There are 2 protein chains.
Amino acid sequence: MVEMKWVYTFEEGGRDMKELLGGKGANLCEMSRLGIPVPPGFIISTEACRTFFQNGGRFPSGLEEEVIEAVKRLEKIKGSNFGDPKNPLLISVRSGARSSMPGMMDTILNLGMNPEIVEGLIERTGNERFVRDSYRRFVQMYGDVVMGLKPSSKDDVDPFEEIMEKYKERNGINSDVDLAPEDLSEITRIFHEIIKERIEEEFPNDPMEQLWGAIKAVFSSWTNERARKYRIMNNIPEEWGTAVNIQCMVFGNMGYDCATGVAFTRDPSTGEDVFFGEYLINAQGEDVVAGIRTPHQVTKERSRKMAIVNGMDERKRLEEAPSLEESMPDIFLELVDIYKKLEGHYKDMQDIEFTVERGKLWILQTRNGKRTAEAAVKIAVDMVKEGMIDERTAIMRITPEQIDRLLHPTFDPEARKELLARGLPASPGAATGVVVFNAEDAEYRANEGDKVILVRIETSPEDIGGMQSSEGILTTRGGMTSHAAVVARGMGKCCVSGCGKISVDYSNRSFSIGGRTVKEGDWISLDGTTGEVFLGKIVTIPPKISGNFSRILEWGDEFRKLDIRTNADTPNDSKVGRNFGAKGIGLCRTEHMFFEGERIKVMREMILAEDINGRRAALDKLLPMQREDFHEIFSVMSPYPVTIRLLDPPLHEFLPHDDGAQNELADILNIHVSKIKERVDSLREFNPMLGHRGCRLAITYPEITRMQARAIIEAACDVKKKGLEVRPEIMVPFIGTERELELQREIIIKVASEVMSERGIQISYTIGTMIEIPRAALVAGKIAEVSDFFSFGTNDLTQMTYGYSRDDSGTFLEEYISKGVLEQDPFKSIDIEGVGELLRIGVERGRSVCPNLKIGICGEHGGDPKSIRFFHISGLNYVSCSPFRVPVARLAAAQAAIEDVK
Amino acid sequence: MVEMKWVYTFEEGGRDMKELLGGKGANLCEMSRLGIPVPPGFIISTEACRTFFQNGGRFPSGLEEEVIEAVKRLEKIKGSNFGDPKNPLLISVRSGARSSMPGMMDTILNLGMNPEIVEGLIERTGNERFVRDSYRRFVQMYGDVVMGLKPSSKDDVDPFEEIMEKYKERNGINSDVDLAPEDLSEITRIFHEIIKERIEEEFPNDPMEQLWGAIKAVFSSWTNERARKYRIMNNIPEEWGTAVNIQCMVFGNMGYDCATGVAFTRDPSTGEDVFFGEYLINAQGEDVVAGIRTPHQVTKERSRKMAIVNGMDERKRLEEAPSLEESMPDIFLELVDIYKKLEGHYKDMQDIEFTVERGKLWILQTRNGKRTAEAAVKIAVDMVKEGMIDERTAIMRITPEQIDRLLHPTFDPEARKELLARGLPASPGAATGVVVFNAEDAEYRANEGDKVILVRIETSPEDIGGMQSSEGILTTRGGMTSHAAVVARGMGKCCVSGCGKISVDYSNRSFSIGGRTVKEGDWISLDGTTGEVFLGKIVTIPPKISGNFSRILEWGDEFRKLDIRTNADTPNDSKVGRNFGAKGIGLCRTEHMFFEGERIKVMREMILAEDINGRRAALDKLLPMQREDFHEIFSVMSPYPVTIRLLDPPLHEFLPHDDGAQNELADILNIHVSKIKERVDSLREFNPMLGHRGCRLAITYPEITRMQARAIIEAACDVKKKGLEVRPEIMVPFIGTERELELQREIIIKVASEVMSERGIQISYTIGTMIEIPRAALVAGKIAEVSDFFSFGTNDLTQMTYGYSRDDSGTFLEEYISKGVLEQDPFKSIDIEGVGELLRIGVERGRSVCPNLKIGICGEHGGDPKSIRFFHISGLNYVSCSPFRVPVARLAAAQAAIEDVK
C-alpha cells in the first residue's frame, strides 16, 4: 500500500490542482509559485476529507503527523510559535471546495489564541484593543461555526450579536468602535459563558485542540443541509469533498510600519488603465472596508486629485492623507510590480487585498475585480487592444445584464433609498417622478414639464399615450408579460409590475402599503431592474453608450449563429431596434395599430356591424390606415424582413366596457347603447386567453384577413416602387391545426395575387405561423407542410404548457419561487424542461418535413440571455425581442455560440 | 401481352373477390353461388375503371365486346331482348367499390326504355300507370346522375322535383299516387324538355347508348368531389376504382302472380327468432316502403296476430290480408329455405328484399338487418347459444351507442316531432316536460308532481338540486364538458347544451328562437342523444335492461384489458356505477361536496377568514362532513379502490357573486358586505381556468390538504374497523412540476401517519396525480418518481393543448367542425394526434421511470368508445367515466381488445 500524503505546501500545488486542493488552495499555490508574497500556509487535501467520511468521521491516519509537521514549518518561516504566549503564531482556517460553494463553513481567523496568549500579544504589540477585539472575534467565530452555537429558532437573532447589543445598550455605547478593551474583555467572558451553558462544553484553550476542531468543522460542513441542497441544485457530486486552507495571520495594525489596503489593477468605475487603490497605515483590513476611518489613495496622482476635490492643500494632504507611493515608496513599487504580474497572469483586472506587517508586504487575496458595466466594456476592449486577451474572451467577459444597464438610467449609487415595496422587475432602468393615477393626467403633467410615474392596477391599450409620457410605470397586477410590462419594454421604459401589496384607490387618488399612503403628486422612484419601489425622489444617472460598447457587439456578431430581430409595432420602435442592430422585425403586432385615435372608432364600427357588408365597409376604412403603417415600417426596415402578425386579440378587447364610453360610442355610431351592451356581453368570455382569438377570428371573419393581406401587399408594392427592397412575412397567429393555416393561406395568396396583378408589381412574400399552442408544436410536421416559417410565441406557449394565466399567476408565482417549486419565473426565462421540450419537439418535427424551415422566436424570452442560449442550442434561426433588448440579445447569442464551440 | 378480361358473370365471382368486383358485386356472386335466385346480371371489374382513367377517360379496348356479349347472355336467360319493344329486357346499373362509399353514383333503374318500348310494355303488362311511372323514374334518374342535370345552386330545389310539384299544383293533385298515366306522360315530356334546354343534349333513346352513358357515369363518379373527400377522410386509396353492377330488372307488379316484399330473418324490433316480413301482391318494392298500400304479413302466425290487433276476423283476413304463406305457399317455402340459407351463410340476421315475377321468386338483396338495441343484444346472445357465432363475434355485433340507448329513455319512434333547435348532444336520453328557468322553480314544480325541463343560459354548482329534480336540462352556452353536461351525464339525465340560437329572457320567463317564443310552463322535449330540442310533449319509452345485456357485457369483461371505473362524487352515484359494473372510483371530486346545504356556508367562512387560524377553524367544521362523505363512498365501493381528487376549483367559485347573496352571507357571517365584495374582487381572475386552482391552492393553503387527507384516512379507518376492505387513492390535481407533488405528498404522508397512529389502524393508501397540464405530460418521468399513479384529466389537457376554453369554444367549435377544420369535437372524442400524443408521451416517460406505474384516465373521454380504443392501444390500466357510461365503456374496452388481437 502506498502511503497517502494529506498535506501540501503552497510550493507543492498549482492552478491545475483544484481537484485535490480545492479552488482557493490551488490559487494560493499559484500566487506562491509566481513569487507573490502570500502569508505562508498549507493545505489539507480533499482526499483527506473523503477519507474522513469513509472512516465514519475519523481523521485519516497520518494526517495528525503531517499537520504538526506543517505547523512547525510555518513557525519556522514566521519565526513565531503556535501556542507560545510570548511570540504566538496565529492562523486562519478556511474551507475550499473545487468550486466556491455557499453553505459551507467559510473562515476562522486568529486561531491559536487563549487568555494567556492574549496577554502576551498585548505586551508584544502594545495594542490592547486590537488584541482583545481579535480574541473576541475568534471566540465568536469559533463558537458559531466550530462549536455550533446557533440561534435557537430561525427567527431568533444570533446569540453573540444579541450579547453585544445588550451589552452596548446596558452601557450606553452606540457603536462597536466605542467599545473599550475592558468592554471587549467582558463581552468575550460572556461569550465563553453562554457557549458553556448552551453547548455544555468548555471552550478549548489549547491552540492545537482549536485547530483540530476547526479542521473537523470544515470537513463536516461539506455535508450540512445547506451545502447539500446547493450541490443538488448545481449538480455538484457529493464525493468531491472540500480541502482545508491553513495560513499564518498577518496584521497591518501592529504599528506605523504596518498598513492594509485594497487595490484594483484598473479603475473599476471607468475601466481606465490606471492603478487604483486605498490603504490605511496601522489598520486592519476591516477598517478599510467598514469605513470607520477614511482610507488614503495608493497612487500619488489620484491622491492629488482627491485632495483638489476635497479642497485640501498639498501640505495638508502630505500630512494627513499621503499616498502609499509617498509614505511607503518601496512597498508601493513592490505592489506595482505584483499587480502587473497578477493582471498579466490572470489576464483580467484584479482586486487585490494586501497587508504590510512590520515593513513586509503580504498579498492576502487576488480575484477578478468587480466593475461597473462601463468599466467592464472598456477593460475588455482595451485588453484586446493590448493583446492580452482575444475577442472571444472579451465577449465572454461582459454579462448581458451589464449591456442592459448601459442602455437604461440607473440610480446614483450614493443615493439613500427608502424601500416601499417590491414588485416584478418588468422593464429595466431607474425612474423617479410624481405619482399620477391615469394616462390623461400623465400626459397633462408631462406636458407641464413634470416627471411622472404612472401608477395603475393594470394598464390597457388605451393607456399607451400616458405610458409614453411617463418616466416609469408601476402596476399592482400582472406579470412579466402583462400589457404594462410588454409595452414598457418595447418603449425602453422602466416598469415594475404585479406589485400586489400596494392597494390603489383611484377615487381618492392615492395608494397605500403597510399603513403608509402615497398621494397623487408625491415623489416615488422605481428600479425596473430589481423590481423595487422607493419613496421620494432619487437622482438617476442617464445611460452612456460608448464606442467600446458597439465594438464588443460587433465582435460578437462575428461569432453568433442566431440572427437578431426586433419586436416593433411602430416606425419609431422599428428605427430604435434597427439602430441597436436588429436585422429585421420578428413580430409586428397589428392590433396595437387599431387603438390610435380615429382607428378605434372604425374598429368598433366593424365589430358592431350587423353583417358582412357592414364589416366590409368598416374594413375598407381601416385599409388605408393599415397600409400607411406598413408602408412606413417597411421603409424603415428595408431591406430586412418584416414579420407581420395578423389580428390576434379577442374582439371584446376593442370595445368599451364602462357605461360612459359605451354611451359615447352609441352616440358616435348613432345606435342604441343596448346594442353595444349586447355585443359586449355576447363577446364576453370566461377564459379569453383560450377563446375566440387569433386565426379563430380570421376563420369566422375571413374579411379581416383579406383586408390585412391587402394592406400588407399594397404597402409592399408602394415601397418597392420607391426603389426599396421589401420582404413581408405574413404570420397567422394561434394555429392549432394545419387546416386553419391552409384556409388562411388560401385567402392570403388569393388577395396577394390580386393586388400584385392590379399594381403590376411582384412582391416576394412568405406565409408562416406562430407556434404558440401546445398542439401546434406536437403536429408541427403537418403544419410545416403549409408554412414557410415558424415563429415560436413562447409567452402563450408558456401559459398553456404550464396552465398559468400570465394575468393571474402573480397571485401564486412569487410564492412558488420562494418555496422552490419553481426556480424562476417561466415568463422571464424559458422553462427548458417543459416549454422548451415542446419547442424542441416543434423544431424537430417541423424540420423533419422541411429541413430548411426558418424558425424564430418572438416571445418575451427572445431578450433573455439564458433563454437565448437554449434557442441557440435548439437550432433556431433567429430571436426577436424588444428594441432595447436587441444589444443584450446580440451579446447573449454571441456568448452562446462561443460557449457551444467550447 | 395477356388479354385482359373486364366482365364477370355472377357465377365467376365470389365473396373474396371484392377487390376486383367491388363489395356489392362480390356479394351478388356469393348469393348466386349459394343457389339463391338473384336477377341475372354481370359485373364490369374495378380493373376496367382503373384502365378507363389511365386511358384519359376512354373505355378499355375489348370492354365493348364483352359487355355486348354479357347482355346477350342476359337476354337468353330472361327470354327478352334489350331494346325490343315487344319483349324488352330492362336492366339496373349500380356502382360498387370495394367498400360501400357515399358520394358515388348509386343506382339507375329501368334502363333500356324509350317511348316505343313504353308502348310495347304497356301492351305486354296491361299496366299503363306502372309503365309510364317506370319511364318517368328512369328519365329522372338518368337525367340527374348520368346527364348531370342538377339544381343550379346549392339552395335550389331539384329541377325534376320542382316540375313535379308545379304540375301537381297546377292540376290540383295532392299526392304522387294520384298522378294518372296521362299526367306521368306529360311530366316525362317536360323532363325531356328541360334536359334538352339546360344540358343542351338530346336524351338518348337507344338503350345501348343509355347503357354506355350509365357505365361512364359510374366510372366518373369515382372521382367526383364528394367521393374524393370521403376517400381522403377515410383513407381509401384513389387507385381502387369502382366496379359496375348490371342486372336484369324484375317486376312484382305485372299481375296477380307477382309480388314484392321485405323480410327479416329475425324480428328486428325484439330480436326474437321468428321469420318476419311484409309483402304486397302485384306491387313494386317502393309501394311497400313508401306505405302507399298497407302490406300484409309474410307468415300466417303473425298475420293472425295482426288481425286480432286490428279487430279483423279470420274470414276478412283471408280475403283482404292473407299471409304469403297462404297466398303463395310454394314461394313461401322457397323463401323460408332461402332465409335459413342466407342467415346461416352470413351468420347474422338478414334483411332480404324479394320480388315474385310471374310466379318466380327473385332475391334482390340481402344485407345485415338493422335492428333496435334490444334486438341487437338478443340476437347476438341467441346466436352464440345456437353455436352460430362465438362470443367475440357477439361482442363486436353490438355498438356502444346501442348499449347506451338501452340505458336511457327514448322517444316513441311513432311520435310526431316539431324541431325547435339543435344543440350539443351533451347527455343522452329523451325527456319531456314543462319549461322552468331556475333551479328553485324546478324543485318546486317537481315536488308538485310536474315533469320539468330546466332551461338555463348556463348552470353552476348551485343549480344541482334543480337539475336533479328535472327530467332534462337545456343550456344555451357551454360545450360537451360544461358544468351542465358533466353533471347531467353523472346523473344519467338528458341534457342538450350550447344551444346558442336560443335566446333566454330570464326576466320575462321565456326563451325565443327564430321568432317563436316559449314561455314558462310550455311543454318541450329534449333528445340528449342527438342534441335536438322539440316543441311540445313527446311520449318517452323507459329503458329496458335484460339478462342478455348483462350477458354480453360479462363476455366482454373476459376480453378487455382496461379496467372500468366510475366517476362518482356521492354514495348514490357510486352505487349506480358499481351496479353497472364499475370496479372502483376513478374520480371522486371533493368540491361538489362543499356545495350542499350548510357546507357552502362553512366553505365561505373558510375563504373569507382573515388568517390561517380562521381558516383552520372553518376547516375543522368541514372535516367531519368530509369524513362522513368518504365513509359512505368507501363503504359502497369496498373492496375496490376509490380515487379522491383533492380540492380543485378556484375559490371564487364558492363565493356568491350577486348583491343579494352577498348581503345574506354578510349577515350570516356577521361581517360587512364590503369585505365579501373585496374578497370576491381579489379572487377574480382573467382566465380562471389557468389560475389559482388545483394544487396551487393547496400550496398556498396547505391546511386544506391537511383537512382533506385527515378526513380520507379517518374515514378509511372507520370503514376498515367495520371489517370492510378500503383502498383510498389520494389524487393531487393540476400538477405541473414534480416539486408541487413532492410538497403535497409530504403533507399527506405526515397527516396519514398521524391519523393511523391515533387510531392504531394501518391503511394501505396511495398518492398520485392528475396529468392534465401539458407540462405534466412532458415531465412525466420526473413526476413518476414521486407519484404512485397517474390519472389523465383529458378535459383540461384538451383545453390547454388546443387552447380551447370549454366554456367559450362553443362560439367557434361548431363552425370549425362544419368547415372541416376539425373532424370532431375534441371534448367528445379525444384528439389522438395532439392531445393523444401528449398522453402517449406521458405514458412512455412515466413508465420509463416506473414500469408498473398504474395509469388511468378520468376525463369525459373515459366514456367515449373511440377514445377508449385509443386508451387501450396506449396501454392504460383503466378508464373512468360517468356511472351511466360504465356499460358503454365495458363494451368499448372489450371491442378494442378484440380488434387489437385481430
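Keep in mind that this is a model prediction, so the values were computed, not measured. A note on names: the letters A, B, ... follow the listed sequences, proteins ahead of strands, and every chain is numbered from 1.
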Could you check if a side-chain atom of [X] sits within less than 4.5 angstrom of a side-chain atom of [Y], using non-hydrogen atoms only?
X        : Y        : result
A/Leu690 : B/Asp808 : no
A/Tyr816 : B/Arg739 : no
A/Tyr804 : B/Arg775 : no
B/Arg806 : A/Phe686 : no

Between [atom1] of [X] and [atom2] of [Y], what distance do you get to the nearest 0.5 Å?
X        : Y        : atom1 : atom2 : value
B/Met800 : A/Met689 : CE    : CE    : 11.0 Å
B/Ile841 : A/Ile841 : CD1   : CD1   : 4.0 Å
B/Glu740 : A/Leu822 : CD    : CG    : 7.0 Å
A/Glu685 : B/Ser809 : CD    : OG    : 9.5 Å
B/Arg477 : A/Arg684 : CZ    : CZ    : 5.0 Å
A/Glu837 : B/Arg845 : CD    : CZ    : 4.0 Å

Taking atom [atom1] of [X] as the centre, report whether more than 12 heavy atoms of other residues, nucleotides or ligands fall under 6.0 Å from it.
X        : atom1 : answer
A/Lys750 : NZ    : no
A/Glu742 : CD    : yes
A/Lys501 : NZ    : no
B/Glu678 : CD    : no

Relative to chain A, which segment of [X] carries a heavy atom at a distance below 4.5 Å: side chain, backbone, both, or neither?
X        : value
B/Asp831 : side chain
B/Leu743 : side chain
B/Arg693 : neither
B/Glu458 : side chain
B/Glu815 : side chain
B/Val821 : both

> What are the two closest heavy atoms between A/Arg696 and B/Gly803, and how far apart are they?
Replying inline: NH1-O, 2.6 Å
>> For B/Gly834 versus A/Leu778, what's the shortest heavy-atom pair and its separation?
In response: O-CD1, 3.3 Å
>> Using a 4.5 angstrom heavy-atom cutoff, name the option from A/Glu738, A/Glu772, A/Lys782 with the most pairs to chain B.
In response: A/Lys782
>> Which one wins on heavy-atom pair count under 4.5 Å against chain A: B/Thr700, B/Leu697, B/Thr737?
In response: B/Thr700
